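Since the structure is predicted, the reported quantities are computational estimates derived from the model, not experimental observations.
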Amino acid sequence: MEKKSWDPAVVLPVCITSILVSSVALEVVYLILTIPGNGQVMLFVLTSYLLFNVIGNMVRFIQSNPTIKGVFLEHGSMGQGWEYCYSCQTHVPPRCHHCFDCNVCVLRRDHHCTLLGKCVGHSNYRYFFCTLVHGWLALLLATFLNAEIFMEVLHEGFGFHSFFLLLMPWMMLVTGQVTLSAFVFAFVADTCVIGFLFCFAFFTLHSILLCRGSTTKEWFRGSPKEDYDLGWKRNFMEYLGERWYLVLLSPWVESRIPGNGINFQTAPNSRKFSKSTDL
């Protein structure tokens, strides 16, 4: 049996993301241990739960396969919306698009996730969305705990030193303006704030798209939202599974996705399929 080789396009971004997650987690644990009183236990339990969901959903996302590999595309059932992918040399169903980073067509492709090195598609959208939600909450907590660090820096006066320490800690370290420990705290604190804003923006966008039953690909392309908008509740089931209301509890909660990624139910007022331009 042929051994499965590690794809550098997946391993490298996952390693970088893991380092960032680990650095934030370690700093948060350190900050929690420095908090006096009885709040340590509650904060530690909350941090552990959020970290469990972030890492668990990342693992399930990477393990899932949203591509057409291993999927039998029955050409006899081809209908309106099917197109030919010249890269994969096969016909693909509606909402399936080729990813030139993954070098394969992805069922109900949303976008290519740079941080995890894989495409977001039919079978792993749930894990992407849950990672986004728990990552946003975890970074909100981390930003709150790092507020004291920002206050200490600003307490010294918002001068040249404080400005570059908060915005460009690497430059301050290279030029010898700060110690290694000060750089680490400033870098992780910046990562928390930037990551929080990044996750909040993506969470807002995907919450809107989820309610409309649309993908990022379709939104950028300008497809009419009425095509697959079955109502917010049905849309949640199509993307997050039949037990969509439980998926945020744990990545190992079973929630079967009703469709197969090939055939999609459309709204009664659905318009004709628009032709894709990248296949």
Side-chain angles (χ1 to χ4, degrees), residues 4 7 10 14 17-18 21 25 45-74 77 93-97 99 102 104-113 115-139 141 199 202-218 228-267:
K4 185 178 180 180
D7 186 359
V10 177
V14 168
T17 303
S18 300
V21 171
V45 171
L46 178 59
T47 301
S48 300
Y49 175 73
L50 292 174
L51 188 62
F52 162 77
N53 273 282
V54 169
I55 296 177
N57 280 293
M58 284 173 57
V59 171
R60 296 299 298 269
F61 176 88
I62 295 171
Q63 289 177 338
S64 61
N65 176 33
T67 71
I68 61 173
K69 290 181 178 179
V71 177
F72 177 65
L73 301 177
E74 190 175 357
S77 63
R95 313 184 84 179
C96 181
H97 302 283
C99 174
C102 300
V104 67
C105 281
V106 179
L107 297 172
R108 199 179 64 191
R109 182 175 183 264
D110 190 274
H111 70 282
H112 184 84
C113 181
L115 293 177
L116 296 177
K118 290 188 69 174
C119 267
V120 180
H122 174 72
S123 63
N124 63 0
Y125 184 89
R126 163 202 169 171
Y127 304 116
F128 165 78
F129 186 77
C130 291
T131 301
L132 201 59
V133 174
H134 288 289
W136 171 54
L137 294 174
L139 289 168
L141 175 62
C199 287
F202 263 70
F203 169 69
T204 303
L205 171 63
H206 281 277
S207 295
I208 296 173
L209 295 177
L210 191 57
C211 291
R212 294 181 174 183
S214 180
T215 65
T216 305
K217 176 80 175 176
E218 292 162 352
Y228 303 103
D229 189 356
L230 306 175
W232 72 268
K233 188 174 181 179
R234 180 64 184 179
N235 293 338
F236 273 58
M237 291 179 61
E238 290 288 330
Y239 281 78
L240 305 180
E242 294 175 344
R243 303 173 73 189
W244 56 269
Y245 46 86
L246 296 177
V247 295
L248 289 175
L249 295 179
S250 169
W252 280 273
V253 170
E254 291 295 330
S255 183
R256 189 182 68 86
I257 300 176
N260 56 8
I262 300 175
N263 302 303
F264 295 97
Q265 182 180 351
T266 57

Is the backbone N or O of Asp229 less than 3.5 Å from a side-chain atom of Asn235, with the two atoms forming a donor-acceptor pair by type?
-> no
Roughly how far, to the nearest 0.5 Å, is the CZ atom of Arg108 from the CD atom of Glu238?
-> 7.0 Å
Quick one: salt bridge (charged side-chain N to carboxylate O under 4.0 Å, His left out) pairs with a partner in residues 59-72, sequence neighbours left out?
-> none
Separation between OG of Ser214 and CD1 of Ile208, rounded to the nearest 0.5 Å = 11.0 Å
So which heavy atom on Met58 is nearest to which on Thr17, and how close?
-> CE-CG2, 3.9 Å
With a 4.5 Å limit on heavy-atom distance, are the side chains of Leu107 and Asn260 in contact?
-> no
To the nearest 0.5 Å, what is the distance between CG (Leu116) and OG (Ser18)?
-> 8.5 Å
Which atom names give the shortest non-hydrogen contact between Arg95 and Gly213, and what distance separates them?
-> NH2-O, 3.1 Å
Between atom OG1 of Thr204 and atom CG of Leu209, what is the distance when rounded to the nearest 0.5 Å?
-> 11.0 Å
How long is the span from the CZ atom in Phe264 to the CG atom in Leu230, to the nearest 0.5 Å?
-> 11.0 Å
Not counting sequence neighbours, which residues clear ring pair (Phe, Tyr, Trp, His ring centres under 6.0 Å) with Phe128? List them please.
-> His111, His206
Kindly give the heavy-atom pair with the smallest separation between Val106 and Cys119, and that separation in Å.
-> CG2-CB, 3.7 Å
Between Cys113 and Phe61, which heavy-atom pair has the shortest distance, and what is it?
-> CB-CZ, 4.3 Å
OG on Ser207 to CG on Leu132, rounded to 0.5 Å | 8.0 Å
Give the ring-plane orientation class for Tyr125 versus Phe129, where under 30° counts as parallel, over 60° as perpendicular and anything between as tilted.
-> parallel
Distance-only, no hydrogens or angles: does the Lys118 side chain make a donor-acceptor pair with backbone N or O of Pro66 under 3.5 Å?
-> no
Atom of Ile257, atom of Tyr239 and distance for their closest heavy-atom approach | CD1-O, 4.4 Å
Pairs satisfying side chain to side chain donor-acceptor pair (under 3.5 Å), at least one member in residues 244-255, at least two apart = none
Candidate pair Cys96 and Ile68, rule side chain to side chain contact (heavy atoms under 4.5 Å, CB included), full reasoning | CA-CA 9 Å; Cys96 181; Ile68 61 173; 3.8 Å; yes
Could you walk me through whether Leu248 and His134 pass the side chain to side chain contact (heavy atoms under 4.5 Å, CB included) test, one step at a time?
-> CA-CA 8 Å; Leu248 289 175; His134 288 289; 4.1 Å; yes
Begin from the C-alpha positions of Ile62 and Tyr127 and carry the test side chain to side chain contact (heavy atoms under 4.5 Å, CB included) through to its verdict.
-> CA-CA 9 Å; Ile62 295 171; Tyr127 304 116; over 6 Å; no
Heavy-atom nearest pair, Phe52 first then Pro251, reads CE2-CD, 4.1 Å
Say whether, by atom type as modelled, one donor and one acceptor occur between the side chain of Tyr49 and the main chain of Leu249 under 3.5 angstrom.
-> yes
Distance-only, no hydrogens or angles: does the Asn53 side chain make a donor-acceptor pair with backbone N or O of Leu50 under 3.5 Å?
-> no
